[in-house]
Amino acid sequence: MPEGHSVHRIARQFRRNFVGQSVQATSPQGRFVAGAKQVSGTELVEVFAVGKQLFLRFADDQWVRIHLGMYGAWDFSGDIQLDATIASANGRMGQTNQRGTVFDGAVYDRHGENSLTSIGAPRRTRVRMAESEKESAVQAEFPPEPIGQVRLRLLTETVCADLRGPTACEVLTTEQVDAVLAKLGPDPQHDASDEAGQRFVDTVLKKQTAIGLLLMDQSVVAGIGNVYRAEMLFRAGIDPYRPGKSLTTDETWALWRDWIHLLAIGVETGQMMTIDGLQGEQWRAAMANRADRHWVYKREGLPCKRCGTNVRLDEMGNRKLYWCPGCQK
DNA sequence: GTTTTATGGGAAG
DNA sequence: TTCCCCTAAAACA
């Protein structure tokens with residue numbers, strides 16, 4: 001379910017709550033028993049994300065690579081240090097609590113319209129992290145009874161992380177991790193250097209492939225999924241069917257810079273917010289409703305918010321492509 | 001109760 | 001390009 005921003009947020013939760021500690025690993029579902037056993041009892045040394053992939057380094061250079069795929073998720077429970085942006089959407093929508101105001105799984109600081117509160121002290125709770133985050137009722141016991149298909153459970157004295165529905169979950173050596181990383185295109189949260197941008201630009205300008213496909217190709221640029229693809233091309237005013245090599249250098253650099261911009265917002269807010277400059281009530285509405293967050297994604301048949309042309313829905317690369325023929329040339 | 005849907009990607013043909 | 005895997009929640013009846 002997640003695009004790149006959510007995987008970076010998950011990595012951050014692991015750094016705050018697990019890194020530096022010895023971790024018990026199990027596979028309640030039974031499909032990762034051998035892998036869990038390999039790392040169980042060792043220290044989790046480092047966690048980071050590149051694109052949509054999560055890398056957990058345990059002691060002795062044992063790594064676990066995870067890809068959530070279309071509907072994977074992590075459930076964190078126990079006494080967790082939470083991002084200020086995480087809170088319940090269940091029944092608390094739009095209400096103000098002691099830390100801020102709750103909207104669709106995110107809390108926004110009452111002191112600044114779009115700014116975030118700092119990290120809170122650990123508190124007993126349960127949070128599902130996928131494309132966005134949702135807090136749910138706390139179970140009394142710790143660790144909680146596994147619910148559903150838990151492929152991998154990571155457990156310390158105080159916190160528990162349950163992985164379900166991943167498309168990839170495997171133990172790798174350092175060499176194998178390097179091989180995976182070498183195949184990934186640049187991710188601005190991992191490397192925002194001009195060299196990284198230049199790699200993206202050079203690749204795009206060489207290819208005959210449609211730019212709508214190139215943005216989804218994780219070896220061209222890492223972390224973009226179906227929502228960001230549609231929204232970035234709308235923001236750039238580019239027809240998704242144009243071959244990469246037909247773009248100008250300026251257009252291609254603008255795409256890279258916009259990905260830096262949108263990904264940073266996603267990592268900070270926990271939402272794929274792709275309309276800039278919203279204030280006050282408009283910001284709140286956009287946080288609460290997807291339809292108010294996006295220009296074209298899931299808006300097929302509706303009038304374009306900019307030019308009034310009906311938003312079109314096509315199929316591209318087996319995925320739904322939303323775009324505005326009026327704005328994108 | 002059953003069907004549909006999803007923000008992904010790898011393998012097979 | 002088509003098929004297939006991962007799982008759960010939402011949508012429908």
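Proteins get letters first, then strands, A, B, ... in listed order; numbering begins at 1 in each. Every value quoted in this text rests on a predicted model; they were computed, and no experiment measured them.
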Could you state the atom-to-atom distance from [atom1] of [X] to [atom2] of [N] in whole Å?
X: A:Leu321; N: B:dA6; atom1: CG; atom2: P; value: 14 Å
X: A:Leu152; N: C:dT7; atom1: CG; atom2: P; value: 13 Å
X: A:Arg229; N: B:dG9; atom1: CZ; atom2: C1'; value: 14 Å
X: A:Phe32; N: C:dT7; atom1: CZ; atom2: P; value: 14 Å
X: A:His67; N: B:dT7; atom1: NE2; atom2: P; value: 14 Å
X: A:Trp259; N: B:dT7; atom1: CH2; atom2: C1'; value: 11 Å
X: A:Glu3; N: B:dG8; atom1: CD; atom2: C1'; value: 10 Å
X: A:Lys298; N: B:dT5; atom1: NZ; atom2: P; value: 10 Å

For atom [atom1], what is the distance between [N] and [M], given to the nearest Å?
N: B:dG13; M: C:dC5; atom1: P; answer: 14 Å
N: C:dA9; M: B:dG9; atom1: P; answer: 22 Å
N: C:dA13; M: B:dT5; atom1: P; answer: 12 Å

Practice task
Kindly give the heavy-atom pair with the smallest separation between A:Val7 and A:Lys52, and that separation in Å.
Solution key: CG2-O, 3.6 Å
Heavy atoms from C-beta onward define the side chain here; which of [options] lies closest to that of [X]?
X: A:Val227; options: B:dT7, B:dA6, B:dG8; answer: B:dT7
X: A:Gln149; options: C:dT7, C:dA9, B:dA6; answer: C:dT7
X: A:Arg128; options: C:dC3, C:dA9, B:dA6; answer: C:dA9
X: A:Met70; options: C:dT7, C:dT2, B:dG8; answer: B:dG8

Across the strands shown, which category fits [X] at heavy-atom distances under 4.0 angstrom: base, sugar-phosphate, nothing?
X: A:Gln29; answer: sugar-phosphate
X: A:Arg319; answer: base
X: A:Arg31; answer: sugar-phosphate

Problem - A:Asp239 with A:Lys329: basic N within carboxylate O range, under 4.0 Å - result: no
Handout entry: Any donor-acceptor N or O pair under 3.5 Å, side chains A:Gln149, A:Arg164
Key = no
Practice task
Assess whether ring-ring contact (aromatic ring centres under 6.0 Å, His included) is satisfied between A:Phe14 and A:Trp74, documenting all intermediate values.
Solution key: CA-CA 11 Å; A:Phe14 273 111; A:Trp74 281 100; 4.9 Å; yes
Practice task
Output yes when at least one side-chain N/O atom of A:Lys52 is less than 4.0 Å from OP1 or OP2 of B:dG9, else no.
Solution key: yes
Handout entry: Phosphate contact (B:dT7 OP1 or OP2) by A:Tyr228 side-chain N/O below 4.0 Å
Key = no
Exercise for the section: Using a 4.5 Å cut-off on heavy atoms from C-beta on, say whether the side chain of A:Leu205 contacts that of A:Thr249. Expected result: yes
Exercise for the section: Indicate, yes or no, whether a donor-acceptor pair under 3.5 Å links the base of B:dT7 to the side chain of A:Arg290. Expected result: yes
Handout entry: Base B:dG9 to side chain A:Thr167, donor-acceptor N/O within 3.5 Å cut-off
Key = no
Problem - Criterion ring-ring contact (aromatic ring centres under 6.0 Å, His included) on A:His294 and A:Tyr322, from CA distance to verdict - result: CA-CA 11 Å; A:His294 303 316; A:Tyr322 303 86; 9.7 Å; no
